[in-house]
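Whatever order the structure lists them in is the order used to number ligands and atoms, beginning at 1. Numbering of residues begins at 1 and proceeds along the displayed sequence.
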Amino acid sequence: MSVTATLRAGVTTASPEETQALAAAWAAELPAGTTVALHGDLGVGKTTFTQGFARGLGVTGAVTSPTFTVFNLHRAGEKTLIHLDAYRLGSEAEAEALMVEDFLRDPWWMVVEWPERLGAALPGDARHLELSILPDRRHALTLR
Ligand SMILES: Nc1ncnc2c1ncn2[C@@H]1O[C@H](COP(=O)(O)OP(=O)(O)O)[C@@H](O)[C@H]1O
Ligand SMILES: [Mg+2]
């Protein structure tokens with residue numbers, strides 16, 4: 001079964017490492033030009049997921065929350081990963097002013113935390129992943 005199919009069915013993980021392994025496997029499966037929108041509250045594992053996703057693309061550097069820069073650019077050979085955290089964006093106009101598309105050198109992948117804050121600036125073909133924490137403390141991931 002593909003990782004996409006697994007995520008569509010819904011999956012739970014018991015550790016950050018498990019979430020990262022899943023994200024890494026998915027990144028290796030997704031074609032260039034894919035935007036992944038990570039939905040869910042603070043602490044559900046959006047940044048943790050992105051760290052695994054980056055590893056899956058071959059990124060070796062540290063991937064941390066781009067809280068102060070809005071987005072971080074990672075390179076792995078010819079691949080570009082944009083990690084955008086829209087938490088602090090005040091408006092859609094502000095999102096458009098980032099001009100992220102100017103950094104999307106082929107082949108690229110983009111992961112967005114707090115994607116709802118991007119409004120129409122979020123690519124229409126983004127894959128939407130819902131993250132949550134279950135009462136038993138496992139983390140749930142479902143592709144919408
Ligand atoms: N199964 C799991 N998947 C992802 N993160 C987990 C899991 N279990 C515990 N965690 C912890 O939850 C926290 C998630 O934080 P973070 O990835 O920064 O969330 P967000 O970016 O959504 O605010 C991390 O401290 C991580 O170690
Ligand atoms: Mg985060």
key: Donor-acceptor contact present, side-chain Lys46 to main-chain Gly40, <3.5 Å   = yes
note = Within 4.0 Å of some non-hydrogen atom of Thr13, the atoms of ligand 1 are 1 (N), 2 (C), 3 (N)
ask   = Is Leu42 in polar range of ligand 1, meaning some N or O pair under 3.5 Å apart?
value = no
message = Minimum heavy-atom separation for His139 and Gly43, please, with both atom names.
response = CE1-O, 3.7 Å
key: Heavy-atom nearest neighbour in the protein, as seen from atom 23 (O) of ligand 1, with distance rounded to 0.1 Å   = Gly43 N, 2.8 Å
task = Determine whether the side chains of Thr47 and Glu113 contain a donor N or O and an acceptor N or O closer than 3.5 Å.
result = yes
key: Heavy atom of Asp41, distance to ligand 1 below 4.0 Å   = yes
inquiry  = Any protein heavy atom at under 4.0 Å, with atom 19 (O) of ligand 1 as the reference point?
reply    = yes
message = Applying the side-chain contact (heavy atoms from CB on, under 4.5 Å) criterion to Leu73, which one of Leu84, Val100, Ile82 satisfies it?
response = Ile82
query = Who gets closest to atom 15 (O) of ligand 1 by heavy atom: Thr64, Thr48, Leu22?
reply = Thr48
Flag for His128-His39: side-chain donor and acceptor within less than 3.5 Å = yes
Proximity flag Gly40 to ligand 1, non-hydrogen atoms under 4.0 Å = no
ask   = Considering only the protein, which heavy-atom contact is closest to atom 27 (O) of ligand 1, and what is its distance?
value = Pro16 CG, 3.4 Å
task = Looking only at non-hydrogen atoms, find the nearest pair between Val44 and Ser132 and report the distance.
result = CG1-CA, 3.9 Å
note = Counting from 1 in the order shown, the ligand 1 atoms closer than 4.0 Å to a non-hydrogen atom of Glu113 are 21 (O)
Test item: side-chain donor near acceptor, Thr48 and Thr19, under 3.5 Å = no
request  = Would you indicate whether Arg105, at its atom CZ, is surrounded by more than 12 heavy atoms from other residues, nucleotides or ligands within a distance under 6.0 Å?
outcome  = no
message = Please find the pair of heavy atoms, one from Trp108 and one from Thr35, that lie closest to each other, and give the distance.
response = CZ3-OG1, 3.6 Å
task = Give the residue, atom name and distance (to 0.1 Å) of the protein heavy atom nearest atom 9 (C) of ligand 1.
result = His139 NE2, 3.6 Å
message = Is the shortest side-chain heavy-atom distance between Leu131 and Leu38 below 4.5 Å?
response = yes
note = Under 4.0 Å from one or more heavy atoms of Gly45, ligand 1 contributes atoms 14 (C), 16 (P), 17 (O), 19 (O), 20 (P), 22 (O)
Distance-minimising heavy-atom pair for Trp26 and Leu129 = CZ3-CD2, 4.3 Å
Residue and atom, protein N/O/S, under 2.8 Å of the Mg ion (ligand 2) = Thr47 OG1, Glu113 OE1
query = Under 4.0 Å from any heavy atom of Thr19, which atoms of ligand 1 are there?
reply = 1 (N), 2 (C), 3 (N), 4 (C)
key: Non-hydrogen atoms of Arg8 and Thr142 that approach each other most closely   = O-CG2, 4.1 Å
message = I need the contact type for Ser15 against ligand 1. Using non-hydrogen atoms and a strict under-4.0 Å cut-off, is it side chain, backbone, both or neither?
response = backbone
